[in-house]
Amino acid sequence: MARPPLTLDRLAERYGPHLNTAPPGGWDDESQRPAQKLVKTHCCFCGQQCGIQLKVRDNQVIGFEPWEDFPFNRGMLCPKGVRRYLQGNHPDRLLQPLLRADDGFRGATWDESLDFTARRLREVQEKHGKDAVAVYGGASLTSEKSYLVGKFARVALGTRHVDYNGRLCMVSAGTAYKATFGVDRSPNPWSDIPKAQVVLVAGANVAECAPITTDYLWRMRDAGGKLILVDPRMTPISRNADLYLPVRPGTDVALFSGLLHVVLREGLHDKEFLAAHTTGFDAVAAAVEAWDPRRTAELTGVPPEAIEKAARWFAEADRAIAMHARGIEHHSKGVENCLGLINLCLATGNIGREGAGCMMITGQGNGQGGREHGQKCDQLPGQRSISDPAAREHVARVWNVPAAQIPQAGYSAVEIMEAIHRGEIKALLSICFNPLVSLPDSAHTREALDKLEFFGVVDFFLSETAHHADVVLAGSLQEEEEGVVCSAEGRVIHIRQAVTPPGDARNDWWIYVELARRLGQAERFPYREPREIFDELREASRGGPADYAGITYERIDQEQGLFWPCPSEDHPGTPRLFEGGRFFHDDGKAHMQVAEYRESGDPCDAEFPLFLTTGRVVSHYLSGTQTRRIGPLVAQYPEPRVELHPRLALQHGIASDDWVTVTTRRTVLTAQALVVRTIRPDTVFVPYHWPGDRSANQLTHRTLDPRSKIPEFKVSACRIGKAASAPAWAEQSLPAGASQKAARRR
Ligand SMILES: Nc1nc2c(c(=O)[nH]1)N[C@H]1C(S)=C(S)[C@@H](COP(=O)(O)OP(=O)(O)OC[C@H]3O[C@@H](n4cnc5c(=O)[nH]c(N)nc54)[C@H](O)[C@@H]3O)O[C@H]1N2
Ligand SMILES: Nc1nc2c(c(=O)[nH]1)N[C@H]1C(S)=C(S)[C@@H](COP(=O)(O)OP(=O)(O)OC[C@H]3O[C@@H](n4cnc5c(=O)[nH]c(N)nc54)[C@H](O)[C@@H]3O)O[C@H]1N2
Ligand code: SF4
Ligand SMILES: [Mo]
């Protein structure tokens, strides 16, 4: 059943114009004709936000140059960063608004499509009430735009229901940090990493998903530090790890309890720090008492000796850092997992010091900034709580509305889908979100989208989700607008506009301002450029945890970015939080929380004995709408593969490249096997960057963490088998889904 390799030529034949293989003018042209200008800005793919210079000619991005003096990445870029510029001239780029027609979509004018959108939103609200409309935002948007999405929902539409795709990403970490520290940001700048003596990385595929962080870890090791890795897969950084803990998926909190158990048993905790700067330690200590290394090993699959060793290394170091990403957070106990790791850091006094801390590795381009200024269902700008009366008063003054008019907290992203199913929410306006590919249990998502009375999408490509829309408003790429984002380390940086949107596409912010005007709210949305939105955001955030009042575009340019909180224009910014043991709660202390283990929402049994875990590969980004269109990236990893261990493969008579089935309690996916020694024999891994029949999210389940509302992408029970034949998708063309055919008819 072997297939010929999917070379770039073969892929180009199959995908036709939907795969961009060269920049405007072709490769020769790019290397030979000079750019008219170089624009210093940042890469749009991922929260590292590497500095990059975009080469511009004739209002097109034609290539890039490294930006050597930007301190975070010092000119380095990863495979996605060096191909990002192949999006702007893509033949699939939406160049005008689209309205649903009998046989798909038809092009329309802005007046017609904006009038239609505003009218349909108003009609639904008049018939079913304000909260019958929901709004989705996204964390690839600049902070100006995510601020605007939150304000648009609450002021122009007056609905409670606004949430964003970061709900699938950072919220377990955010909830745990907010509960313990009183603020949701990585406490340490990345420059602290090389200064640590021990770094424990849990559930983060650093080399593929935060590639530039690899360099920081290498520098830490070059200086004599030790690297401990906690992952069911030996990801590429394990080659440089000193200790690898092969944790069974979904059991991290037990492992962290086991580590803390050893620390306390050996008396290695920092008693002075705990007494002076924390509350809740006694309850935490009591809760880990039961997790001796033997019991911990039985549940987690990590040998007791390795648990003892990791605990001693971490606690005996003067400076230790724990880093984590979605591997511990995408769980129905994602918050508990994070709390377990935070407790380990606090108990050993590793926080608020150079080279010592607990750090989350934020994912999306503006994954950090996107969760600061009010596009979350429970949040107002400046990372304020929407239920806090003082916060409501402050923001109401800035917005020029009565505080009582700001709605209370609404549903989170997945809950919005459930409410659509129940018929409670009837209309949705979505920007920068591709839920059909990225939410769990995609059949359920598809049904919800088809139940909507009105669905509007703002995107620059016709995403799989946009196929279900009544109107698609052609928005802008990151390089087509000015604004700020906040990187994983908390550094607020400047996205500089390199080009204007092509054809009749428009800036995202303009689209929302025009919609607000049509909803009768022109005077509250008077902006003529992003800078005016930013100035209002600064005021709205003033005095909140994420205080931007002292940050200006000019200061960012002069100082290579600024870390918040930055309350005034003469404040230097705050690269490291909690120095001197001062936390953001009113009492100044860290509030330690008990972290309990519980079973996943989709447990294994005799029928589904294996763990399915899902995640990423280096060459694709998220739902893939962007990277599945870039030829050189597709050639690196054209299709989903099922990673499995040789022992498991042998049991089923499977060899690498064979077609295999992965079956969960939802459905079955067929893909080619990738037999690797680097994964636990009880676990299979499938990356999730593809839609339709190739989507890993057909298989996943909808259990949420009760506090953070994040889905459990990292554990589903499954079984595998050898497939009888190749799936239909194996030879289909156009799988990027670029056709403008309608996906449904009502
Ligand atoms: N190339 C690339 N880079 C990206 C992105 C992308 O799509 N592609 N997306 C960006 C975004 S938005 C995000 S959120 C980040 C995500 O970055 P990461 O979180 O690093 O990536 P994932 O692949 O989701 O999962 C990380 C690791 O968790 C492990 N894992 C699975 N289950 C468990 C478990 O139960 N416990 C533990 N300890 N580990 C487990 C997986 O084996 C995997 O190595 O990457 C960002 N960077
Ligand atoms: N099974 C499984 N599922 C997962 C995950 C997993 O590990 N496993 N990871 C989850 C995580 S961590 C994340 S972050 C989510 C991401 O899930 P999504 O948010 O759905 O992924 P994106 O691909 O970023 O989709 C964003 C859409 O917005 C568009 N877009 C991007 N930038 C802009 C912009 O500036 N303006 C406009 N107008 N549009 C824009 C893109 O073209 C794309 O269509 O997926 C989650 N889903
Ligand atoms: S590490 Fe992230 S920000 Fe840096 S080049 Fe790669 S994708 Fe872009
Ligand atoms: Mo993410």
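Here, residue 1 is the first one in the sequence, and each next residue gets the next number.
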Undergrad: Can you find a heavy atom in the side chain of Tyr637 that is under 4.5 Å from one in the side chain of Pro687?
TA: yes

Undergrad: Does a salt bridge link Asp557 with Arg496, judged by any charged N lying under 4.0 Å from a carboxylate O?
TA: yes

Undergrad: Can the ring centres of Tyr177 and His324 be said to be less than 6.0 Å apart?
TA: yes

Undergrad: Report the C-alpha separation of Val398 and Glu536 in whole Å, then their side-chain angles, then the decisive distance to 0.1 Å, and conclude whether the side-chain contact (heavy atoms from CB on, under 4.5 Å) test is met.
TA: CA-CA 7 Å; Val398 177; Glu536 189 182 295; 3.7 Å; yes

Undergrad: If you measure only the distance, is there a donor-acceptor pair under 3.5 Å linking the side chains of Glu529 and Trp509?
TA: no

Undergrad: Main chain of Ile328, side chain of Asp252: is a donor-acceptor contact present, judged purely on distance under 3.5 Å?
TA: no

Undergrad: Check ring pair (Phe, Tyr, Trp, His ring centres under 6.0 Å) between Phe70 and all other residues, then give those that pass, not counting sequence neighbours.
TA: His42, Trp67

Undergrad: For the residue pair Cys43 and Gln49, what are the closest heavy atoms and their distance?
TA: O-NE2, 2.8 Å

Undergrad: My understanding is that only one of Gln368, His373, Gln375, Arg371 makes a side-chain contact (heavy atoms from CB on, under 4.5 Å) with Ser143; could you say which?
TA: His373

Undergrad: Please report the shortest heavy-atom distance between Ile321 and Gly355, naming the atom on each side.
TA: CG1-O, 3.5 Å

Undergrad: Who passes ring pair (Phe, Tyr, Trp, His ring centres under 6.0 Å) against Tyr621, sequence neighbours left out?
TA: Phe45

Undergrad: Can the positive tip of Arg531 be found less than 6.0 Å from the middle of the six-membered ring of Phe534, inside 45° of the ring normal?
TA: no

Undergrad: Applying side chain to side chain contact (heavy atoms under 4.5 Å, CB included), name anything that partners Ser385, two or more places apart in sequence or on another chain.
TA: Ser387, Asp388

Undergrad: Could you tell me which non-hydrogen atom of Phe433 sits nearest to which non-hydrogen atom of Ser438, and how far apart they are?
TA: CE2-OG, 3.7 Å

Undergrad: Taking all non-hydrogen atoms of both residues, which atom of Val149 and which atom of Gly137 are closest, and how far apart?
TA: CG1-CA, 4.1 Å

Undergrad: Suppose we call two aromatic rings close when their centres sit under 6.0 Å apart. Are Phe72 and Tyr216 close by that rule?
TA: yes

Undergrad: With side chain to side chain donor-acceptor pair (under 3.5 Å) as the test, would you mind laying out the steps for Asn434 and Glu464 before giving the verdict?
TA: CA-CA 7 Å; Asn434 191 9; Glu464 293 72 23; 2.8 Å; yes

Undergrad: Are the side chain of His331 and the backbone of Ser600 linked by a donor-acceptor contact shorter than 3.5 Å?
TA: no

Undergrad: Any non-hydrogen side-chain atom of Leu339 less than 4.5 Å from a side-chain atom of Thr180?
TA: yes

Undergrad: Which heavy atom of Ala153 sits nearest to which heavy atom of Val162, and what is that distance?
TA: CB-CB, 3.6 Å

Undergrad: So, the side chain of Asp508 versus the backbone of Ser476: is there a donor-acceptor pair under 3.5 Å, distance only?
TA: yes

Undergrad: Is it the case that the side chain of Asn165 and the backbone of Pro435 share a donor-acceptor pair, with hydrogens and angles ignored and the cut-off at 3.5 Å?
TA: no

Undergrad: Atom CD in Glu712, atom CD1 in Ile710: separation rounded to 0.5 Å?
TA: 10.5 Å

Undergrad: If only atom types and distance count, is the side chain of Thr614 paired as donor or acceptor with the main-chain N or O of Tyr688 below 3.5 Å?
TA: no

Undergrad: Does a salt bridge link Arg506 with Glu480, judged by any charged N lying under 4.0 Å from a carboxylate O?
TA: no

Undergrad: Indicate yes or no for a side-chain donor-acceptor contact from His494 to the backbone of Ile556 under 3.5 Å, with no hydrogens or angles considered.
TA: no

Undergrad: Check this for me: does any side-chain nitrogen of one of Lys709 and Asp705 sit under 4.0 Å from a carboxylate oxygen of the other?
TA: no

Undergrad: Taking 4.0 angstrom as the limit, do Arg707 and Glu336 come out as a salt bridge?
TA: yes

Undergrad: Atom CZ of Arg326 and atom SG of Cys169: how far apart are they, to the nearest 0.5 Å?
TA: 4.5 Å

Undergrad: Distance check, rounded to the nearest 0.5 Å: Cys345 atom SG versus Met359 atom CE?
TA: 10.5 Å

Undergrad: Is the side chain of Lys178 donor-acceptor paired with the backbone N or O of Gln383 at a distance under 3.5 Å, no angle test?
TA: yes

Undergrad: Would you please name every residue forming a salt bridge (Lys or Arg N to Asp or Glu O under 4.0 Å) with Asp441, sequence neighbours left out?
TA: Arg702

Undergrad: Under the side-chain contact (heavy atoms from CB on, under 4.5 Å) test against Pro545, which residue among Leu577, Val183, Asp184 passes?
TA: Val183

Undergrad: Using only atom types and a distance under 3.5 Å, with no angle test, would you say the side chain of Thr445 pairs donor to acceptor with the backbone of Leu439?
TA: no

Undergrad: Under the 3.5 angstrom rule, does the side chain of Lys145 hit a backbone N or O of Tyr512 as a donor-acceptor pair?
TA: no

Undergrad: Say you draw a straight line from CG of Leu380 to NZ of Lys151; how long is it, rounded to the nearest 0.5 Å?
TA: 12.5 Å

Undergrad: How about His591 and Phe181: are their ring centres within less than 6.0 Å of each other?
TA: no

Undergrad: Is any NZ, NE, NH1 or NH2 atom of the basic residue among Asp69 and Arg74 found under 4.0 Å from an Asp or Glu carboxylate oxygen of the other?
TA: no

Undergrad: Strictly below 4.0 Å, N to O, side chains only: are Arg542 and Asp547 in salt-bridge contact?
TA: no

Undergrad: What is the distance from atom OG of Ser186 to atom CZ of Arg576, rounded to the nearest 0.5 Å?
TA: 11.0 Å

Undergrad: Who passes side chain to side chain contact (heavy atoms under 4.5 Å, CB included) against Thr214, sequence neighbours left out?
TA: Val206, Ala207, Trp218, Ile237

Undergrad: Give, for atom CG of Asp163 and atom CE of Met417, the distance between the pair rounded to the nearest 0.5 Å.
TA: 11.5 Å

Undergrad: With sequence neighbours excluded, what pairs up with Arg538 under the side-chain hydrogen bond (donor to acceptor under 3.5 Å, both in side chains) test?
TA: Asp535, Glu569

Undergrad: For Gly203 and Asp231, work out which heavy atoms get closest and say how close.
TA: CA-OD2, 4.1 Å

Undergrad: For the residue pair Phe713 and His330, categorise the inter-ring angle as parallel (less than 30°), tilted (30 to 60°) or perpendicular (more than 60°).
TA: perpendicular

Undergrad: Any sub-3.5 Å donor-acceptor pair from Asp459's side-chain atoms to Leu462's backbone N or O?
TA: no

